[in-house]
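First up is the structure itself, then whatever we jot down about it.
Below, each value reflects all heavy atoms present in this structure, side chains not excepted, and no hydrogens, waters or symmetry copies.
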Amino acid sequence: MYTEDCPFLHPYDVIRDHLADGSAVTVVLFDTLPLDDYGAPIFSPWAVIAFRHDESHKEERGRLIEKKKLEVETFKMERETQAMIARMNIEKPKISLMKTVMAAQLIS
């Protein structure tokens with residue numbers, strides 16, 4: 001489950017906290033689960049975080065939570081960087097024009 005603004009929603013997250021009016025949520029559903037060599041289902045990271053709470057999976061669950069947090073933080077930082085670059089591209093011509101106007105007004 002993910003949105004345009006968040007590549008991973010923690011199973012305990014309240015979805016409305018990540019959405020604005022008109023936002024879309026993508027939920028990936030499977031009709032079959034992949035199986036390991038012994039026929040046991042192979043859980044996705046989301047499913048491990050959501051359903052594996054026993055002591056034997058505590059370490060794996062904690063590792064996946066940290067990995068997903070890092071992925072979300074990296075994604076958000078990249079989005080912010082892209083937004084800043086887009087704003088700078090809009091502002092550059094204005095800055096250039098302002099420099100030209102101000103240079104003509106400076107007293108040498």
Using the rule that two of Ile, Leu, Val, Met, Phe, Trp, Tyr join whenever any of their side-chain heavy atoms come within less than 4.5 Å, decide whether [X] and [Y] are in one cluster.
| X | Y | answer |
| --- | --- | --- |
| V27 | I49 | yes |
| I65 | L9 | yes |
| F8 | L29 | yes |

Residues 71-85 vs side-chain hydrogen bond (donor to acceptor under 3.5 Å, both in side chains), sequence neighbours excluded, gives D5-R79, K68-E71
Hey, what's the ring geometry for W46 with F51, parallel, tilted or perpendicular (30° and 60° as the breaks)?
perpendicular
Check the orientation of H10 and Y12. Use parallel for under 30°, tilted for 30 to 60°, and perpendicular for over 60°.
tilted
Just jot down the side chain to side chain contact (heavy atoms under 4.5 Å, CB included) partners of L19, sequence neighbours excluded, or say none.
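In terms of side chain to side chain contact (heavy atoms under 4.5 Å, CB included), with neighbours along the sequence ignored, L19 is linked to T3, I15, S23, V25.
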Restricting to ring pair (Phe, Tyr, Trp, His ring centres under 6.0 Å), what partner residues turn up for H57, sequence neighbours left out?
none
Pair up each side-chain donor or acceptor in residues 94-101 with any protein partner under 3.5 Å, not counting sequence neighbours, and list the distances.
from	atom 1	to	atom 2	distance (Å)
T100	OG1	S96	O	3.0

Work out which heavy atom in P41 is nearest to a heavy atom in L33; give both atom names and the distance.
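Shortest heavy-atom separation between P41 and L33 comes out as CB-CD1, 3.6 Å.
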Residue pairs involving residues 36-63 (criterion salt bridge (Lys or Arg N to Asp or Glu O under 4.0 Å); sequence neighbours excluded)
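As it turns out, there is no salt bridge (Lys or Arg N to Asp or Glu O under 4.0 Å) pair with a partner in residues 36-63 once direct neighbours are skipped.
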Please collect all salt bridge (Lys or Arg N to Asp or Glu O under 4.0 Å) contacts where either partner lies in residues 14-23, sequence neighbours excluded, each pair once.
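Not a single pair qualifies under salt bridge (Lys or Arg N to Asp or Glu O under 4.0 Å).
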